[in-house]
Amino acid sequence: MAAIPLNDVEIKEREKSIVIKGKQKKQLICDTESIAGCVSQRACVYCGARVVLNPVTDAVHLVHGPIGCASYTWDIRGSLSSGSELYRNSFSTDLKEEDVIFGGEKKLASAIDQLVEKYRAELVFVYSTCIVGVIGDDLEAVCKAAAQKHGIEVIPVQSSGFIGNKAAGYRAACDALLRLIKPGGRQVKKREKCINYLGDFNLAGEAWIIRNYLRQMGVEVNVTFTGDSRYTALKKAPEACLNIIQCAGSMNYLASKMKELFDIPYINVSFLGLEDTADSLRRIAEFFNDSEITRRTEELIRSESARVKLIVEGYREKFRGKKAAVYVGGGFKAISLIKQFREIGIEVVMIGTQTGRKDEYETINELVNDGTVVLDDANPTELERFMTEKGAHLLVGGVKERPLAYKLGVAFIDHNHDRKHPLSGFVGAVNFAEEVYSTLCSPVWKYVR
Amino acid sequence: MLDFTPKEIIERTSGGLINPAKTCQPIGAMYAALGIHKCLPHSHGSQGCCAYHRSHLTRHFRDPILASTSSFTEGASVFGGGANLKTAIKNVFAIYNPDVMAIHTTCLTETIGDDIPAFLGQAEIPEGKIVIHANTPSYVGSHITGFSNMTRGMVNYLSEAATETKKEQVNIIPGFVNPGDMREIKRLVRAMGINFIMFPDTSGVVDSPMTGKFEMFPQGGTTVKELKDTGNSKLTIVLGSFASTDAAIALERKCKVPAKTLKTPIGVKATDEFLMTLRNTFVTEIPYELEEERGQLVDIMVDTHHQFHGKKVAIFGDPDIVIALTEFVLSLGMVPVHVLTGTPGSTFEKEVKAMLLESGLKGNVKAAGDLFQFHQWIKNEPVDLIIGNTYGKYIARAEDIPLVRVGFPILDRSVHSYMPIVGYKGAMRLVEMISNALLERQDRDAADEDFELVM
């Protein structure tokens, strides 16, 4: 099968990470290390760990390293809190040259002491950065001693940047969460009709929307991982009778561990788009096999769908013939976006992720039309080339992709940290259509030469 | 709601920071490198560093920021990053084909001791292409240090003294400022009719126009030819000592180009000094066009001085900008009571304290501080206005004090990077921003009977 003929200026190794549906049978290769010298849009282990844990609102998130890693992650996640805002501060040990030479353990211990005293936090996450991995500070020991000294939880997050990619960071975060929720000697009392919601970071308040739907169905959310979560609520995670996972890339590992340790079954869900939302709510109801829950679920889907369906369909006409490109962090979001775009009559002509898994790429390949370009760990040159070639009118991406799209005269939607409207659930489908409309149909594009 | 800072001053001995007023060296190096024409900055370290710097700069400039990375793995950090860097050099020129690749290091590669010049000696660099580097350990200094180191790298690698006698031209190192400021500085020098080389020059790179095409390397930036020619200039003018002096000293040593360090030209006094320095060396007269601008600025300052007199202000940000801003607000009759930078350096404190003393004032002044401390100061001695970057918004909200956004980064407002704060025009803009902030606050807080039409 012919691989994609890349321009001479592009590199051979990248060919395996790009496929065009229908043109070849070859498997797309993903989860490979990025090639040195590429302008990769990917991030590091610390980044992955931090984005997953950051929404724990009442924790001190202490970054052990030179200042940069703490600076760049200071309150950028857009996760909303209904309580503490402590997580929106930036804490760093600000390692200096002498610390690199003599070790940073003392400084770390002293920083924890002072932060705990100042903020009376019950939970401290200590993130390891590249340099800590190299100078060999014993994070484990420092955290253990601090935990004993203060009688609180001080949990190390093994997130040195170079030990893998962002996905390795998700795993490091899940390991930290597992340590936190392990009941120790406590008796776990299971609570009926009570579930954990994994993989929603409450961007623009999305987790609240879903929590509200579930409440209307008669199902209670025990705790969300990790949007708007708190120490005490997380501790009770083992009490749930079901885990539902939205962002699979970051949370599948935690879910499977919780099944193993606490015997909590899990199902994958998606609340992006009308179809996926309704389908996911039904599958949750099915799990409980309770006629009252089923009735209330159908009632909810009926009333919410009726409310928004006409609005969303109204947009289809306006979007006729428009094409979208998608480049997002994980596979779950990419899959949902294909469906969500289909609902508003927009075809996805290019789609890629930073850290999508093999099975997710298989699903993507099933969903998209022939001719669609699918690519893993793309660089801006590739994004530009395929958006232009495929005639995309709109790009969905994150912070680094926005100005790239704009320079091409292509509309843009942030589906990442910088999103400003909730895109989840029935209401999210309306917001999504409105947001697409506001950018795609803006008069500003008329002035692009 | 977002106020987690206690009023009672807490003695802090851990050396850690809460809510930093600085970030790390490599981002400054990346920004400086973007000021070279057709240059791809390269981050020698983990992928995350490069992603963070690009995101941060993208949020500030709202333009594509391109940079490549060595994409470190566990293996590279054990065996050294030589192989990664050599592959990266090969790929960068094969895929992106820049004229220059500007490598900066990170805390990781500094700690494992990667020897960049040795790697470069072994690397295959295509004919006619240039690779430069700067060591930018994140655990030393700040982003300003990184900017300074990369700018010095340009001199080390490229500047040449090729002519017997120096040319009638001036080098200008603008410091870590916005492209809007660089454009304004260039306009002033052009109006004087003086030949110049500005380096680095990010105008036309991070404020590139919309054309419907994506240009990996937009038109702006100092060319390699110009960088080489800096060794033949008669004088180097440094605007802001922290970000730019090191490069000028290197150039003085290497090519015997004398250097003169001035403040970032914010306000009448600093702009006067800049123009007078140019005049003294190159021309006999300041053109009327600039005399007129100066007169307009002073006119505006006179018209508005009653609004500013005695108003207390707290300023934080990068040292060169903060020093110049302090001088400027003093000239308006304001009282800078808290002045802080996150960048270390004792000359900052000395310089600011001297300015305050000269005006018969005393204030809290600190280098290597953080915004937790700054907030504590404000709680204990409230101010009428805060001037600083976006991160000041938490304090502004907690204390209900207006914030004028100046500096880097500004993540929550747009257009700022296109508009100057330097030169007479820039000072006019600052007067407008400060005045509007104070008057809007007065309007908001006024009782009906005090609400005035004419202010």
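Since the model is a prediction, treat every value here as computed from it, not as a measurement. Every chain is numbered from 1 and lettered A, B, ... according to where its sequence line falls, protein lines coming before strand lines.
Considering only heavy-atom pairs separated by less than 4.5 Å from chain A, the leading option among B:I27, B:L40, B:D370, B:L85 is B:I27. Comparing A:S71, A:G409, A:G133 by how many heavy-atom pairs each has under 4.5 Å with chain B, the most go to A:S71. Between chain A and the residues B:I10, B:L57, B:D63, B:L371, the most heavy-atom pairs under 4.5 angstrom are made by B:D63. Across B:P64, B:P137, B:G75, B:G141, the residue that shares the most heavy-atom pairs under 4.5 angstrom with chain A is B:P64. Contacts with chain A were tallied for B:T69, B:L411, B:T87, B:N84; B:T69 has the most, counting heavy-atom pairs under 4.5 Å. Per-residue counts of heavy-atom pairs under 4.5 Å with chain A were compared for B:H44, B:H143, B:E110, B:H53; the largest is that of B:H53.
Both the backbone and the side chain of B:T13 have a heavy atom closer than 4.5 Å to some heavy atom of chain A. Using a 4.5 Å cut-off between heavy atoms, A:V399 contacts chain B through both its backbone and its side chain. B:V92 touches chain A through backbone and side chain together, each having a heavy atom under 4.5 Å away. Heavy-atom distances place no part of A:I112 under 4.5 Å from chain B, backbone and side chain included. Contact of B:S208 with chain A is made through backbone and side chain together, with heavy-atom distances under 4.5 Å. Looking at A:T73, the atoms closer than 4.5 Å to chain B (heavy atoms on both sides) all sit in the side chain, from C-beta outward. Contacts between A:K118 and chain B at a heavy-atom distance below 4.5 Å involve the side chain alone, from C-beta outward. When heavy atoms are compared at a cutoff of 4.5 Å, A:E97 approaches chain B by way of both its backbone and its side chain. Heavy atoms closer than 4.5 Å to chain B are found in the side chain of A:Y119, but not in its backbone. For B:F372, the part sitting under 4.5 Å from any heavy atom of chain A is the side chain, from C-beta outward, and nothing else. Both the backbone and the side chain of B:T23 come within contact range of chain A, with heavy atoms under 4.5 Å apart. Interface remark: B:T73 contributes backbone and side-chain atoms alike to the contact with chain A (heavy atom separation under 4.5 Å). In this structure, the portion of A:T93 lying under 4.5 Å from any heavy atom of chain B is its backbone and not its side chain. Of the atoms belonging to B:S46, it is side-chain heavy atoms, and not backbone ones, that fall under 4.5 Å from chain A. For B:C107, the parts lying under 4.5 angstrom from a heavy atom of chain A are both the backbone and the side chain. The contact between B:K22 and chain A is made by backbone and side chain atoms together, counting heavy-atom distances below 4.5 Å.
The number of heavy-atom neighbours closer than 6.0 Å to CD of B:Q219, taken from other residues, nucleotides and ligands shown, is 12 or below. Remark: B:Q122 CD is packed, more than 12 non-hydrogen atoms of other residues, nucleotides or ligands lying under 6.0 Å away. Open room surrounds CD on A:E117; 12 or fewer heavy atoms of other groups in view lie less than 6.0 Å from it.
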Inset, instruction - Go through the steps for B:R59 and A:I76 under the test side-chain contact (heavy atoms from CB on, under 4.5 Å), then give the verdict. - result: CA-CA 11 Å; B:R59 286 187 166 116; A:I76 57 160; 4.1 Å; yes
Legend entry - Full working for side-chain contact (heavy atoms from CB on, under 4.5 Å) between A:R402 and B:T58: CA-CA 9 Å; A:R402 180 193 293 266; B:T58 299; 5.9 Å; no
Legend entry - Verdict with reasoning, A:K400 to B:I65, per side-chain contact (heavy atoms from CB on, under 4.5 Å): CA-CA 8 Å; A:K400 295 190 292 293; B:I65 304 294; over 6 Å; no
Inset, instruction - Let me see the working for B:Y96 and A:N379 under side-chain contact (heavy atoms from CB on, under 4.5 Å), right down to the final yes or no. - result: CA-CA 11 Å; B:Y96 307 111; A:N379 59 54; 3.6 Å; yes
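Taking both residues in full, the closest heavy atoms of A:L86 and B:F4 are given as N-CZ, 3.2 Å, listed atom of the first, atom of the second, then distance. B:G15 and A:D94 get closest at one heavy-atom pair: O-CB, 4.0 Å. Between A:S90 and B:P20, the closest heavy-atom pair is OG-CD, 3.4 Å.
No option in B:I112, B:L108, B:V78 other than B:L108 meets the side chain to side chain contact (heavy atoms under 4.5 Å, CB included) test with A:F162.
Separation of atoms CD (B:Q47) and CG (A:D377) is listed at 6.5 Å; rounding is to 0.5 Å. Here OG of B:S138 is found 13.0 Å from NZ of A:K96. Values are rounded to the nearest 0.5 Å. A distance of 7.0 Å separates OG1 of A:T381 from CG of B:L66, quoted to the nearest 0.5 Å. In this structure, CE on B:M210 lies 7.5 Å from NZ on A:K407, to the nearest 0.5 angstrom.
Aromatic ring pairs are classed by plane angle as parallel below 30°, tilted from 30° to 60° and perpendicular above 60°; the pair A:W74 and B:Y394 is parallel. Ring orientation note: the planes of A:Y72 and B:Y52 are close to parallel, at an angle under 30° on the 30°/60° scale.
With a 4.5 Å cut-off on side-chain heavy atoms, A:P380 and B:R54 count as touching. Between A:I35 and B:S71 there is no side-chain heavy-atom pair separated by less than 4.5 Å. Taking the side chain as every heavy atom from C-beta outward, A:P66 and B:C24 never approach each other to under 4.5 Å. Side-chain contact between A:D113 and B:S14 is absent, with no heavy-atom pair separated by less than 4.5 Å. Within the 4.5 Å cutoff, no side-chain heavy atoms of B:F214 are placed close to those of A:L383. Side-chain atoms of B:T106 and A:C130, non-hydrogen and from C-beta on, never get closer than 4.5 Å to each other. For the pair B:R12 and A:Q114, the minimum side-chain heavy-atom distance is below 4.5 Å. When side chains are defined from C-beta on, A:L115 counts as touching B:I18, because their heavy atoms get closer than 4.5 Å.
In terms of modelled atom types and a separation under 3.5 Å, the side chain of B:N91 and the main chain of A:A36 share a donor-acceptor contact.
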